[in-house]
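Okay, so here's the structure we're looking at.
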Amino acid sequence: MLYSLTLDTPGLSLYAIPALWFTAQWPHARKLVTARKALNIHQGDLNCDPRMAIEWCNQKNVPQPVVERLRRLQSAHMNGMENFPFWMGTIIAANAFGVDAKLTNAVAAYLVVARCAYNYLYIYNDGKSRIMARCRSLTWLSTNIACFYLLIKGANILIAKA
């Protein structure tokens with residue numbers, strides 16, 4: 001069945017939903033691994049209260065560049081979680097409203113690729129690169145524009161049917 005999937009395949013975009021969820025969760029998992037190594041503790045110890053990782057690193061005098069990377073990982077995760085419902089809702093709505101499959105699939109693929117780029121630009125910017133920060137912001141903005149575009153396409157289809 002997978003061999004016959006193309007950009008024209010209806011519903012293919014729904015596979016982007018778990019991929020987008022993963023892109024939102026990965027920074028959190030990476031933060032925990034990085035913090036555990038920096039604190040030199042067992043995974044279970046950090047798992048008791050993983051949201052305290054940055055504070056614990058500050059208390060244990062972990063080098064500041066590591067703490068800053070942990071903050072960026074946490075921020076990328078939080079941004080992904082804030083945006084995930086919007087991405088998911090857009091993809092589901094576009095499929096339900098009958099937006100062209102090729103367009104919906106292309107936008108869904110773009111969202112996944114753009115989110116990976118966003119994470120990279122956020123996590124690996126050491127705070128000194130304004131270009132990376134601007135590119136990150138533009139990447140975020142472009143995903144929102146792509147979602148609004150699909151939602152407007154769906155609204156137009158519904159209005160035309162009325």
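In this text the structure is predicted, and so the values were computed from the model without any measurement. Excluded from the calculations below are hydrogen atoms, water molecules and symmetry mates; all remaining heavy atoms, backbone and side chain alike, are included.
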Pairwise side-chain contact, Leu70 with Val62, heavy-atom cut-off 4.5 Å (strictly under):
no
Which atoms form the tightest heavy-atom contact between Ile92 and Ile17, and what is the distance?
CG1-CD1, 3.8 Å
Any donor-acceptor N/O pair, Arg72 side chain to Asn125 backbone, under 3.5 Å:
yes
Go through it in stages, so that I can follow the logic: the residues are Cys57 and Val66, the test is side-chain contact (heavy atoms from CB on, under 4.5 Å), and I'd like the CA-CA distance, side-chain angles, deciding distance and then a yes or no.
CA-CA 9 Å; Cys57 285; Val66 174; 5.6 Å; no
Under the side chain to side chain donor-acceptor pair (under 3.5 Å) definition, can you give me all pairs with a residue in residues 50-62, not counting sequence neighbours?
Glu55-Gln59
So do Phe86 and Phe148 actually touch side chain to side chain, heavy atoms under 4.5 Å?
yes
Arg115 and Leu20, any side-chain heavy atoms less than 4.5 Å apart:
yes
Within the 4.5 Å heavy-atom criterion, are Asn79 and Pro27 side-chain neighbours or not?
no
For the pair Ser129 (side chain) and Met132 (backbone), establish whether a donor and an acceptor sit closer than 3.5 Å, ignoring hydrogens and angles.
yes
Look at the side-chain heavy atoms of Ile, Leu, Val, Met, Phe, Trp and Tyr, link any pair under 4.5 Å apart, and say whether Met52 and Leu32 land in one connected group.
yes
In terms of heavy-atom contacts, Ser75 and Tyr122 come closest through CB-OH, 3.1 Å
Flag yes if Ile91 and Phe84 sit in one hydrophobic cluster, no otherwise; membership is Ile, Leu, Val, Met, Phe, Trp, Tyr, and two members link when side-chain heavy atoms are under 4.5 Å apart.
yes
Using distance alone, with no hydrogens and no angle criterion, decide if Thr23 and Tyr118 have a side-chain donor and acceptor under 3.5 Å apart.
no
I'd like to check Arg71 versus Ile54 (side-chain heavy atoms, cut-off strictly below 4.5 Å). Are they in contact?
yes
Same cluster or not: Phe22 versus Tyr120, using hydrophobic residues (I, L, V, M, F, W, Y) connected whenever any side-chain heavy atoms lie under 4.5 Å apart?
yes
Using the rule that Ile, Leu, Val, Met, Phe, Trp and Tyr join whenever any side-chain heavy atoms are under 4.5 Å apart, tell me whether Leu121 and Ile131 fall into a single cluster.
no
Which residues satisfy the side chain to side chain donor-acceptor pair (under 3.5 Å) test with Tyr124, sequence neighbours excluded?
none
Is it the case that over 12 heavy atoms from other parts of the model lie below 6.0 angstrom from the CG atom of Asn40?
no
Tell me the closest heavy-atom pair linking Asn105 and Thr9, and the distance in Å.
ND2-O, 2.8 Å
Do you see a donor-acceptor pair shorter than 3.5 Å between the side chains of Ser13 and Asn95?
yes
If we check side-chain contact (heavy atoms from CB on, under 4.5 Å) with Tyr149, which of these qualifies: Leu103, Val99, Thr90?
Leu103
Single-linkage hydrophobic cluster, 4.5 Å side-chain cutoff, Ile157 and Val107 together:
yes
Is the side chain of His77 donor-acceptor paired with the backbone N or O of Trp26 at a distance under 3.5 Å, no angle test?
no
Rounded distance (nearest 0.5 Å) linking atom CG of Leu138 with atom OG1 of Thr143
11.0 Å
I'd like to know if the side chain of Ser142 reaches the main chain of Thr139, judged simply by a donor and an acceptor atom lying under 3.5 Å from each other, with no hydrogens or angles considered.
yes
